[in-house]
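Convention: sequence-line order gives letters A, B, ...; per-chain numbering from 1.
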Amino acid sequence: MQLSKPPLFSFDECLWFLDRRYDECMYQVNKAEVVKAIFIDRTPFLFSVRQNNEELLIKVLVGKPDRKQMAAIADYVADWFDINTNLQPFYSLLSKNKKLAYMATEFKGLRLIGIPDLFEALCWSIIGQQINLTFAYKLKRRMVEAFGERIEYGGHIYFLFPECERLAALTVPELRAMQFSDKKAEYVITIARAFAQKQLSKELIQSLPDLKSKQEALIQFKGIGIWTANYALMKSLRQPASVPHGDVGLLNALSNHGIKKDRSETVKIERLFKQFKGWESYLVFYLWRSLAVREINH
DNA sequence: AACCAGGCTGCGC
DNA sequence: GCGCAGCATGGT
C-alpha cells in the first residue's frame, strides 16, 4: 500500500520527531522506518512505514487485512502524519515573523504528528499532567505493558494501547502500584469508563459544532482541564485553533525565542497567536520541536 | 536538597 | 468569573 507524498512533506523530519529522545512504547523507530501496532475494529495489525522518492510505503507485517481494513490502516497513517494538509499558508505566516521564520527551513516538511485515537490521547495527556516527560513516558510504558495487547515480530514486542474496557475494569491501587498518583489513577479510570459506556467517543466530540463546545464537552470529566482538552483536540481531532495555553514547554520555547521574558506576559503571547490564526496548533507543535533540538544539542 | 515538571480541583472572594 | 493554595510523585 502506498500514499503519495504531498509537497512540503518530510518523512525524515517526522521520523526524527517520533524518535526524538523519549522512551516511547507505542511504536519503534528504526533507521528509515517506523513500526507500529494498531487495532482496526478490534483486530490487531502490525505495519511499517517507510518511503521512496514519491511515496510512503505501508507494509503490513502481522495480520491479513482485507481491502477495507487496509484502507483503514492507510487512513490511520495519513492522519498520524497529517499528510493531507497544505503547509504553505503556515510557512507564509512564519516568514512574516522574524524570530520564527527560520523554522520554515529548519523543520521543513515536519507534520504535526497526531494521536489519532482520542482515548489514547486523553490518557496520555492525563498521565503527562504536571510531571516531567521522562517520568510520564515511564508511567505510560508500565501501563501499556501491563494492560495492552502485544504482537511479537522479528524479536521485538510491539504493544497496542490498552482498550478502554480493560482500563475501565482497573482499580486505583493497581495503577498506584505503577507510581500513578491517586488522582491520576482516578482520572484515567474515569475516562476509560466514559469511553466504555459510550458517554465519550471521538465521533461524539467530532460531531459538536465548534471548538468551544468540544472543549466544554471534554472539561466536564474530572481530570480533564483546559490544557488536557486542548492537547487532545490538537493531537487527535486536529483542531487548528486549539492551543494548550500555559503549557510549560510552550512557555519555555517562547522564552527561548525572546518572545516573552516571564510567565505573566500573556499579552505578547496572545498577539503572537493572533498572527497565526488557523495555524495555532502547528505553531505550538513547531515550538515544541524547537525544544527538542536544544536539548539534543545541549 | 531544593526546585521543577507538556496541571487539576476546590475554595474564597 | 478569577486567583491562589494545595496536591502527588519522581527527575535533575
For nucleotides C:dA5 and B:dC4, find the distance between their P atoms and express it as a whole number of Å. 15 Å

Set of side chain to side chain contact (heavy atoms under 4.5 Å, CB included) partners for A:L204, sequence neighbours left out: A:S201

Taking only N and O in the side chain of A:T228, is any of them less than 4.0 Å away from OP1 or OP2 of B:dC8? yes

Nearest-nucleotide comparison on DNA chain B, the residue closer to the 5′ end among A:G223 and A:M234: A:M234

Can A:F107 and A:F17 be said to form a ring pair (Phe, Tyr, Trp, His ring centres under 6.0 Å), step by step? CA-CA 10 Å; A:F107 308 146; A:F17 182 84; 9.8 Å; no

Phosphate contact (C:dA8 OP1 or OP2) by A:R176 side-chain N/O below 4.0 Å: no

Do A:R289 and B:dG6 share a donor-acceptor pair, side chain to base, under 3.5 Å? no

To the nearest Å, give me how far apart CZ (A:F135) and C1' (C:dA8) are. 9 Å

Select from A:K222 and A:I131 the residue whose nearest nucleotide in DNA chain B is closer to the 5' end of that strand. A:I131

Which whole-number value in Å describes the distance from A:K184 NZ to B:dT9 P? 12 Å

Choosing from C:dG10, B:dG7, C:dA8, which nucleotide comes nearest the side chain of A:N132? C:dG10

A:Y22 atom OH is separated from B:dA5 atom C1', nearest whole Å, by 10 Å

Tell me, please, which residues at least two apart from A:D75 pass side chain to side chain contact (heavy atoms under 4.5 Å, CB included). none

Using the rule given for side chain to side chain contact (heavy atoms under 4.5 Å, CB included), can you reason through A:F90 versus A:F276, listing the C-alpha separation, both sets of side-chain angles and the distance that settles it, and then say yes or no? CA-CA 8 Å; A:F90 175 52; A:F276 283 85; 3.9 Å; yes

Counting only side-chain nitrogens and oxygens, does A:Q179 get under 4.0 Å of the OP1 or OP2 atom of C:dG10? yes

Which part of the nucleic acid, if any, lies within contact of A:Y187, taking any heavy atom under 4.0 Å across all strands shown: a base, the sugar-phosphate backbone alone, or nothing? sugar-phosphate

So does A:K138 get a side-chain nitrogen or oxygen closer than 4.0 Å to the phosphate oxygens (OP1/OP2) of C:dG11? yes

Mind checking the CG-OH spacing from A:N86 to A:Y91? Nearest 0.5 Å is all I need. 10.5 Å

Once you round it to whole Å, what is the distance between C1' of B:dG6 and CG of A:N252? 9 Å

Does the cation-pi check pass for A:R42 over A:F39, that is, NZ or CZ under 6.0 Å from the six-membered ring centre and within 45° of its axis? no

Roughly how many Å apart are C:dC7 and B:dG6, using the P atom of each and rounding to a whole number? 23 Å

Which whole-number value in Å describes the distance from A:D247 CG to B:dG6 P? 8 Å

Whole-Å gap separating C1' (C:dT9) and OH (A:Y137): 19 Å

When we call it a touch if two heavy atoms are under 4.0 Å apart, what does A:F285 touch: a base, just sugar-phosphate, or nothing? nothing

Atom CG of A:L250 to atom C1' of B:dG6: distance rounded to whole Å? 9 Å

Round to the nearest Å and state the distance from A:Q130 atom CD to B:dT9 atom P. 13 Å

Can you find a side chain N or O atom of A:T134 that sits less than 4.0 Å from OP1 or OP2 on C:dT12? yes

Taking for each residue the nucleotide of DNA chain C bearing the nearest heavy atom, is the 5' side occupied by A:K183 or by A:R142? A:K183

